[in-house]
Amino acid sequence: CARLGLPAASRSPGTSCTLGGLLAGPRPAPCAPLCEHLRICPQDYTCCSSETEEQLRLQSDSDFRDLLEDGASFLSSTLASRHRRFEEFFRELLVAAERGLQAMFTQTYGRLYAQNSRLFQGLFADLRHHQQGARLSLDEALGDFWARLLDRMLPLLNPQYQFPPEYLECVARQGEALRPFGDVPRKLRLQVTRAFVAARAFVQGLATGRDVVTKAAKMPPSSECLRAAMRMSHCPLCRGIPALKPCNGFCLNVMKGCLAHPADLDAEWNRFIDALIQVAERLEGPFNVELAADSIGVKISEGIMHMQENGVQTSAKVFQGCGTPRPAPARSRRAARDETRRRFRTYPPEERPTTAAGTNLDRLVTDVKEKLRLMRGFWVTLPHTLCSDEKVAADVTNEDKCWNGQARGRYLPDVTGDGLLNQINNPEVEVDITRPDLLTRQQIMQLRVATSRLQGAYGGHDLDFQDTYEDGSGSGAGERYSEDWPAGGGGGRSSSGSRPPDSRSPSKGSRQNHRVGVSSSAASWGGPPLPLLLLPALALSLLGR
């Protein structure tokens, strides 16, 4: 102030240098020098007091956060909408498949199906729970379904005998050796399990991508970033030239410095997007969930017919292993024999559901693959995307008539490279590249876990049960999908079910002991798809410890 020879806060007559005046029109009245020591903007020939600068700083903070969220809105909105579409499609697909089975079995088997409908409802309840994220082995659920179906059919094929609960427990222990339904259970397990595991992993992957984008777009910017954003966007107001846009190079350096840590997501993000695209291709190819859902009724019908046609041989094996059961009263023999004369038939093609939620799988997959391909490299190119907006920065061709951080003119510093490591020499934003950002590390971890699960689903594996594969035993063994894997027979179900109550009363204790049980708790998409022992080491490496 002494050098300028002006008293503090002096202005020329008729000047409008208030914040409201600066923002009111494109050309405010010229301002005389205001002798204040501004903290961020250039101090010579300024229209701003320190209070005005503070107001602009707060406005800059809000504007920058809004700008970042707007820049990421394409990703978050696209992933959120596709997640809803696929989730709705798969849900309605199961509803249509269950209705189709119910209509076909009611028509062809009548009262006997009505008496045993809860068995089939329980299978679809398990499929729904799996799709909703429950940690439930489909191999267990399908194996249990066939075991219960055997319990129901054996008395129907042999109405002259009684089958108490203890006898049926003995039958369950021989399930795989009996192969009462032929090769149908194995084929159904392969088709349904691969398709539904891939569908669930894909839907959960879309949700993970949406969550990562939302969190990254709301990461709190550093103080250095906010100071740079203030110099870039709002300091021209203090020089009386509010319409002057920042130079493109200036904008790029500021944005690259501010978004250095989100840019660190890019490599893992690209692997995640590639995994999503690969699973999407599986869904429209060998793991087609639409065909898998449609095949459930057909395969069950084929299995029932196989047992009817081979009932004598199956019963003989049962009697050989468990002994001849006690004779049944004559009245119950006649009633059961009358019911078993009606046979199941295969599912007519014209009755098969082919669409759900007003669309079909091919259309959904084609659309989502196109959108996903546009998302590769998003985090590295985000600064370029933001600075290419004419509302944010001047065009790259307008190098001499833009705001360079001090005045109107060319921006001389070089533009730094992309990514975190290249920000070590950023002239606008000081970035500490030696200290890992905890929030970014957590998001990288989340992406890595999601990618691992998607890669497992691409290969036909449910990684929720991958840790039981090592010795070929346990609840996850059936998830290997080997073509020569024996068909599932007996074996217990998961305790996770909320299937309708079973009308059969015997205890299932011995059957549950026959196979490894499955946890009943519903696991969110953030659950550990990697072997649990590897997660602590992976987390430490990501956190740079």
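In what follows, every heavy atom counts, from backbone to side chain, and hydrogens, waters and symmetry copies are set aside.
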Go through Glu88 and Arg91 one step at a time and tell me if the salt bridge (charged side-chain N to carboxylate O under 4.0 Å, His left out) criterion holds. CA-CA 5 Å; Glu88 181 185 9; Arg91 182 172 60 250; 5.2 Å; no

If the test is side-chain hydrogen bond (donor to acceptor under 3.5 Å, both in side chains), which one of Gln59, Arg57, Arg65 qualifies with Asp61?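 So, applying the side-chain hydrogen bond (donor to acceptor under 3.5 Å, both in side chains) to Asp61 and each of Gln59, Arg57, Arg65, only Arg65 qualifies.
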
Under the criterion side-chain hydrogen bond (donor to acceptor under 3.5 Å, both in side chains), which of Thr416, Asp418, Asn426 is the partner of Lys256?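 With Lys256 as partner, Thr416, Asp418, Asn426 yield a single side-chain hydrogen bond (donor to acceptor under 3.5 Å, both in side chains), made by Asp418.
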
Considering only NZ, NE, NH1 and NH2 on the basic side and carboxylate oxygens on the acidic side, decide whether Glu87 and Arg84 come within less than 4.0 Å.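 No, no charged N to carboxylate O under 4.0 Å.
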
For Asp66, does the CG atom sit with more than 12 other heavy atoms under 6.0 Å from it, leaving out its own atoms?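 Yes - once you tally the heavy atoms of other residues, nucleotides and ligands closer than 6.0 Å, there are more than 12.
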
Parallel, tilted or perpendicular: which describes the rings of Phe86 and Phe202, with under 30° parallel and over 60° perpendicular?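 Phe86 and Phe202: perpendicular rings.
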
Could you walk me through whether Asp274 and Arg376 pass the salt bridge (charged side-chain N to carboxylate O under 4.0 Å, His left out) check? CA-CA 8 Å; Asp274 290 342; Arg376 294 191 87 260; 2.9 Å; yes

Could you check if a side-chain atom of Trp269 sits within less than 4.5 angstrom of a side-chain atom of Val213, using non-hydrogen atoms only?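 Sidechains of Val213 and Trp269: in contact.
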
Between Arg363, Lys369, Lys371, which is the residue that forms a salt bridge (Lys or Arg N to Asp or Glu O under 4.0 Å) with Asp367?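 Exactly one option meets the salt bridge (Lys or Arg N to Asp or Glu O under 4.0 Å) with Asp367, and it is Lys371.
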
Interatomic spacing from CG in Asp389 to NZ in Lys245 - rounded to 0.5 Å: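 Here the rounded value is 9.0 Å.
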
Could you tell me the separation between the CG atom of Leu75 and the OG atom of Ser77, rounded to the nearest 0.5 Å?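 One gets 8.0 Å once the value is rounded to the nearest 0.5 Å.
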
We want to know whether Ser137 and Asp139 form a side-chain donor-acceptor pair, criterion being a heavy-atom distance below 3.5 angstrom.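 No, no side-chain donor-acceptor contact under 3.5 Å.
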
